[in-house]
Amino acid sequence: MTNETTTQSIWRSLTQSSGGERFDPGRVGSLAEPTRRYLLHAIQPGTLLASSVELTMHGSFRTSPKGHWMPMSGSEIIVGGLGFLWKASMGRLLPIVGFDRYSEAEGEMSWRLGGLLRVAYARGADVSRSARGRFAAELVFLPSALLPGQNVSWKQSGENRTQAAIKIDGETSFVELVIAPDGQLRQAVVDRWSNFGSANGKWRFAPFAACFHGEERFGGYTIPTRLSAGWWGEDGWQFEFFRAEIASALFH
């Protein structure tokens, strides 16, 4: 099965539509600051609560801390409670094309040079656990999935900080958000399962961050549209490998 056939199948399996409920600001009235401030900024009153979002983006990507930045274009579907699929093309003359995904409680990555020669492939328990952490952090692009409920709870962690506990397929990820005084999202950090920087290749939890540099409203949702992402440390970036601008967001 080709990458394109695989991604089409996964995309169809993830596509979800809203159940028809609309956002009532009273639903977050009992939450502490700055959680309430963030959610009221991200979702306009009366907005249809989306189950999924489809994104298109462009930017740059690199595969190692000293590697060169390659132009990137991609698209992604994120579905609350189910997973995500990100497919992209990186490079110019002979691009690397493929996908990362988390669906049916399993993570997978598959990338091919020119769409033919496999250059990276991984799946298994460690990849799935890592993908769950990424999925939790990327729910900032689907704010309706972050409303408090059975699988999401919040606690304040500072004047402009809040932490979401997000349960996905039996495991809870804790996503720390930094919120500006006006409610704009500045940063998201999650402890994500990884073997990055491990001398012996052993997997463990490591801080993974996304820093946001701008936002835009799409329908009734305000989400980050310019971002940098990668592995984080006490002194900042350990390995920033992703820079992107969101061109469009379609909520269902």
Side-chain angles (χ1 to χ4, degrees), residues 3-4 6-23 38-61 69-92 95-103 109 111 115 131 134-147 175 177 180 182-188 209-230 240-252:
N3 268 6
E4 183 61 29
T6 301
T7 55
Q8 288 176 355
S9 176
I10 296 171
W11 196 285
R12 286 194 299 268
S13 72
L14 286 173
T15 302
Q16 297 282 311
S17 296
S18 166
E21 183 183 358
R22 294 187 177 274
F23 178 55
Y38 162 62
L39 290 172
L40 290 175
H41 179 79
I43 313 175
Q44 296 298 301
T47 298
L48 201 63
L49 294 180
S51 297
S52 63
V53 62
E54 296 182 36
L55 307 172
T56 62
M57 66 194 71
H58 57 86
S60 55
F61 188 96
W69 288 93
M70 300 179 289
M72 176 276 299
S73 62
S75 58
E76 183 169 14
I77 184 169
I78 303 169
V79 185
L82 290 182
F84 71 88
L85 169 67
W86 178 61
K87 53 183 181 178
S89 175
M90 297 175 283
R92 289 189 173 88
I96 299 171
V97 297
F99 67 89
D100 294 343
R101 60 113 179 164
Y102 181 81
S103 58
M109 58 176 290
W111 296 92
R134 171 178 170 176
F135 177 34
E138 292 197 356
L139 289 177
V140 297
F141 297 108
L142 182 61
S144 49
L146 292 175
L147 292 171
V175 183
L177 302 183
D182 64 355
Q184 187 172 167
L185 184 59
R186 296 299 194 193
Q187 186 184 55
C211 298
F212 305 113
H213 317 294
E215 64 177 15
E216 195 169 328
R217 183 179 295 178
F218 299 92
Y221 293 94
T222 300
I223 61 171
T225 50
R226 288 189 294 116
L227 65 144
S228 305
E240 178 197 6
F241 60 81
F242 183 82
R243 297 173 180 172
E245 183 169 347
I246 304 297
S248 67
L250 182 61
F251 292 87
H252 299 285

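Quick note: numbers below take in every heavy atom, side chains included, and nothing from hydrogens, waters or symmetry partners.
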task = Might you work through the side chain to side chain contact (heavy atoms under 4.5 Å, CB included) test for Tyr38 and Ile43, ending with a clear yes or no?
result = CA-CA 9 Å; Tyr38 162 62; Ile43 313 175; over 6 Å; no
Side-chain heavy-atom pair Leu14, Tyr102 within 4.5 angstrom cut-off = no
ask   = Given side chains that start at C-beta, do those of Pro95 and Arg92 come closer than 4.5 Å, heavy atoms only?
value = no
Results of salt bridge (charged side-chain N to carboxylate O under 4.0 Å, His left out) for Glu138 - residues two or more places apart only = Arg134
key: Glu216: side-chain hydrogen bond (donor to acceptor under 3.5 Å, both in side chains) partners, not counting sequence neighbours   = none
ask   = Would you call Pro143 and Ile223 a side-chain contact if the rule is heavy atoms closer than 4.5 Å?
value = yes
inquiry  = Strictly by side chain to side chain donor-acceptor pair (under 3.5 Å), give each pair with a member in residues 241-251 just once, sequence neighbours left out.
reply    = Thr56-Ser248, Glu240-Arg243
inquiry  = His58: which residues meet the side-chain hydrogen bond (donor to acceptor under 3.5 Å, both in side chains) condition with it, sequence neighbours left out?
reply    = none
key: salt bridge (Lys or Arg N to Asp or Glu O under 4.0 Å) partners of residues 38-59, not counting sequence neighbours, each pair once   = none
task = Drop me the distance from Phe135's CZ to Leu82's CG, to the nearest 0.5 angstrom.
result = 7.0 Å
ask   = With sequence neighbours excluded, what pairs up with Ala50 under the side-chain contact (heavy atoms from CB on, under 4.5 Å) test?
value = Leu142, Ser144, Tyr221, Phe251
message = Would you compute the distance between atom CG of Leu40 and atom CZ of Phe23 and round it to the nearest 0.5 angstrom?
response = 5.0 Å
key: Check: Leu55 and Leu250 side chains under 4.5 Å, non-hydrogen atoms   = no
Closest contact, heavy atoms only, Thr47 versus Gly220 = OG1-CA, 3.3 Å
note = Nearest heavy-atom approach of Ser89 to Val97 is OG-CG1, 3.6 Å
In a table with atom names and distances, give each donor-acceptor pair under 3.5 Å that connects a side chain of residues 69-79 to protein atoms at least two apart or in another chain.
none

message = Which residues pass the side-chain contact (heavy atoms from CB on, under 4.5 Å) test with Glu215, not counting sequence neighbours?
response = His41, Gln184, Thr222
key: Those residues that, when tested against Phe61, pass ring-ring contact (aromatic ring centres under 6.0 Å, His included) (two or more places apart)   = Phe241
query = With Trp86, which residues qualify under ring-ring contact (aromatic ring centres under 6.0 Å, His included), at least two apart?
reply = Trp111, Phe242
key: Counterpart residues, side-chain hydrogen bond (donor to acceptor under 3.5 Å, both in side chains), relative to Gln44 (two or more places apart)   = none
message = Counting C-beta onward and ignoring hydrogens, is there a side-chain heavy-atom pair between Val140 and Phe212 closer than 4.5 Å?
response = yes
task = Return the set of residues passing side-chain contact (heavy atoms from CB on, under 4.5 Å) with Leu48 (not counting sequence neighbours), or none when no residue passes.
result = Ser18, Arg22
request  = Rounded to the nearest 0.5 Å, what's the gap from NE2 on His252 to OG1 on Thr15? Could you check?
outcome  = 7.0 Å
query = Under 4.5 Å between any side-chain heavy atoms of Phe84 and Ile10, yes or no?
reply = no
